[in-house]
Amino acid sequence: MKTFGYFSLAIIVLASCGQASPNAKNVTKADTVGIIPPTRPTLSQSELHRYSTTTSHFFDTIFSGRFNGSVLVAKDGEIIYERYKGLKHPQSSRDSLDLHTSFHLASVSKTFTAMGVLKLWQDGKLNIHDEVSKYLDGFPYQGLTIQNLLTHRSGLLNYVHFMDRSGWDKHKYLTNADVLQYIIAHAREVQGAQPNKHFEYSNTNYALLALIIEKVSGQSYPEFMSKTFFQPLQMQDSYIFSLADTAKEMGSYKQNGRPFRLEFLDQVYGDKNVFSTVR
């Protein structure tokens, strides 16, 4: 829930493609993620030099300033620029950033949650056209589907805002289950619009999707993501943050070097809390 300053920034270039079938029954089931060996470099030496020079011209200027973070740019599977600068903790002078330094991806975490939902759909374990109430007991809205959550067309207000003014004890960490129970108890307050009427970005959608992943898979969200994606794909520096990770976590810092302290919202996952590296 924090805005990252100079001391907590990573830049990642990502690409994805493909579509999932609208009918889960017609999709070949596969419970594991296959590892595709890297292809041979496709860039010629002249292309590699051109891309590398152009990228360096842009990013070297940024690195000459107060930038503190990691940058990796790849073209057709080949790394053309990679650089690390700065420290994990501004108070230190020795813990330099490197290729194993995991950054909080913040809302980019939502793409991982969406991937988890679509993997369960591909495996025939859910259907994104099903209503959310089929998976989350007590969910109070009819006609609101998993797809509405994925596409931010649920009409649900952002829990970041309604829980902030809810009277919740801010000395107690909020969980995904707490968000769901509040929605059940305050259905009229939380529904800002009817499902599928318009787009409105809301962290609530992805907090609920994480609960659906847990219900369908029978695993916790961190366990599911690790076993389904991080371990098979050898993403050894990627994890879902919990309080058990505070010792290894690279925290977020303000521009003056002072740390952001953990807030009562910081244990909700699905909408955030994926830590990973540019690699």
Side-chain angles (χ1 to χ4, degrees), residues 1-10 87-92 95 101-110 112-113 116 132 136-141 149 152 154 156-192 200-215 219-226 238-276:
M1 295 316 163
K2 307 173 183 69
T3 300
F4 293 123
Y6 286 101
F7 294 101
S8 185
L9 176 64
L87 304 167
K88 300 175 185 176
H89 306 95
Q91 302 92 340
S92 172
D95 58 350
T101 303
S102 301
F103 284 81
H104 184 194
L105 301 189
S107 282
V108 175
S109 303
K110 292 181 176 66
F112 286 79
T113 302
V132 174
L136 300 182
D137 295 339
F139 191 73
Y141 310 112
L149 298 179
H152 292 292
S154 69
L156 297 178
L157 299 179
N158 198 328
Y159 79 85
V160 175
H161 305 308
F162 64 71
M163 292 306 302
D164 186 53
R165 56 179 182 265
S166 68
W168 181 268
D169 180 0
K170 295 181 181 178
H171 294 94
K172 176 184 175 183
Y173 288 114
L174 188 72
T175 68
N176 293 61
D178 293 327
V179 174
L180 175 60
Q181 290 306 310
Y182 188 89
I183 291 172
I184 293 171
H186 302 83
R188 289 188 177 181
E189 171 193 336
V190 173
Q191 189 174 37
E200 184 174 352
Y201 185 91
S202 175
N203 290 294
T204 306
N205 297 319
Y206 278 75
L208 295 176
L209 287 170
L211 288 177
I212 292 174
I213 287 174
E214 293 182 329
K215 180 66 176 291
Q219 303 172 4
S220 70
Y221 175 79
E223 182 183 15
F224 174 82
M225 296 302 291
S226 178
S238 301
Y239 62 94
I240 310 299
F241 173 78
S242 71
L243 292 177
D245 300 308
T246 51
K248 70 175 180 179
E249 171 214 12
M250 185 181 67
S252 299
Y253 295 86
K254 302 176 183 178
Q255 292 191 23
N256 61 8
R258 297 183 62 182
F260 280 103
R261 299 189 182 279
L262 285 177
E263 301 171 350
F264 78 101
L265 298 167
D266 286 342
Q267 288 302 290
V268 179
Y269 46 63
D271 58 324
K272 60 182 185 303
N273 277 355
V274 173
F275 275 67
S276 193

D164: salt bridge (charged side-chain N to carboxylate O under 4.0 Å, His left out) partners, not counting sequence neighbours | K170
Evaluate the side chain to side chain contact (heavy atoms under 4.5 Å, CB included) criterion for residues D178 and Q181: first the C-alpha distance (whole Å), next the side-chain angles of each, then the deciding distance (0.1 Å), finally the verdict.
-> CA-CA 5 Å; D178 293 327; Q181 290 306 310; 5.7 Å; no
Would you name the heavy atoms of V268 and K272 that are closest together and state the gap between them?
-> O-NZ, 2.7 Å
Quick one: which of S226, S276, S102 gives a side chain to side chain donor-acceptor pair (under 3.5 Å) with S238?
-> S276
Could you check if a side-chain atom of K215 sits within less than 4.5 angstrom of a side-chain atom of D137, using non-hydrogen atoms only?
-> yes
How about Y182 and L174: do any of their side-chain heavy atoms sit closer than 4.5 Å?
-> no
Expected output: side-chain S154 to main-chain L149 donor-acceptor under 3.5 Å | no
Any side-chain heavy atom of L211 within less than 4.5 Å of one from V179?
-> no
Answer yes or no: is there a side-chain heavy-atom contact under 4.5 Å between V274 and I240?
-> yes
Verify, without hydrogens or angle tests, whether E214 (side chain) and Y221 (backbone) share a donor-acceptor contact under 3.5 angstrom.
-> yes
If you take all heavy atoms of H186 and Y141, which pair is closest and at what distance?
-> O-OH, 4.5 Å
State, yes or no, whether a side-chain contact exists between H152 and Y206 at a heavy-atom distance under 4.5 Å.
-> yes
Heavy-atom donor-acceptor pair, N273 side chain to D266 backbone, under 3.5 Å | yes
Calculate, to the nearest 0.5 Å, the distance between atoms CE and NE2 belonging to M250 and H104 respectively.
-> 11.0 Å
Would you please classify the geometry between the F162 ring and the Y159 ring as parallel, tilted or perpendicular, with 30° and 60° separating the classes?
-> perpendicular
S107 and Y201: which non-hydrogen atoms are nearest, and at how many Å?
-> OG-OH, 3.1 Å
Of all heavy-atom pairs linking N203 and N158, the shortest is ND2-ND2, 3.1 Å
Which value, rounded to the nearest 0.5 Å, describes the distance between K88 atom NZ and Y253 atom OH?
-> 11.0 Å
Distance, nearest 0.5 Å, that separates CG of L136 from CD1 of I212 | 4.5 Å
Considering only heavy atoms from C-beta outward, does the side chain of T204 approach that of L157 to under 4.5 Å?
-> no
Apply side chain to side chain contact (heavy atoms under 4.5 Å, CB included) to the pair Q267 and F241, showing each step before the final yes or no.
-> CA-CA 8 Å; Q267 288 302 290; F241 173 78; 3.3 Å; yes
Has the side chain of S109 got a donor or acceptor atom that lies under 3.5 Å from a matching backbone atom of D271?
-> no
Side chains of M225 and Y269: does their closest heavy-atom pair fall under 4.5 Å?
-> no
Euclidean distance, I213 CD1 relative to E223 CD, rounded to 0.5 Å | 13.0 Å
How long is the gap from NZ on K110 to CG on L105, to the nearest 0.5 Å?
-> 11.5 Å
Heavy-atom check, side chain of F275 versus side chain of D245, under 4.5 Å | no
Which atom pair, heavy atoms only, marks the closest approach of M163 to S166?
-> O-OG, 2.8 Å
Work out which heavy atom in G270 is nearest to a heavy atom in T113; give both atom names and the distance.
-> O-OG1, 2.6 Å
F264 six-ring face occupied by K172 cation (under 6.0 Å, within 45°) = no
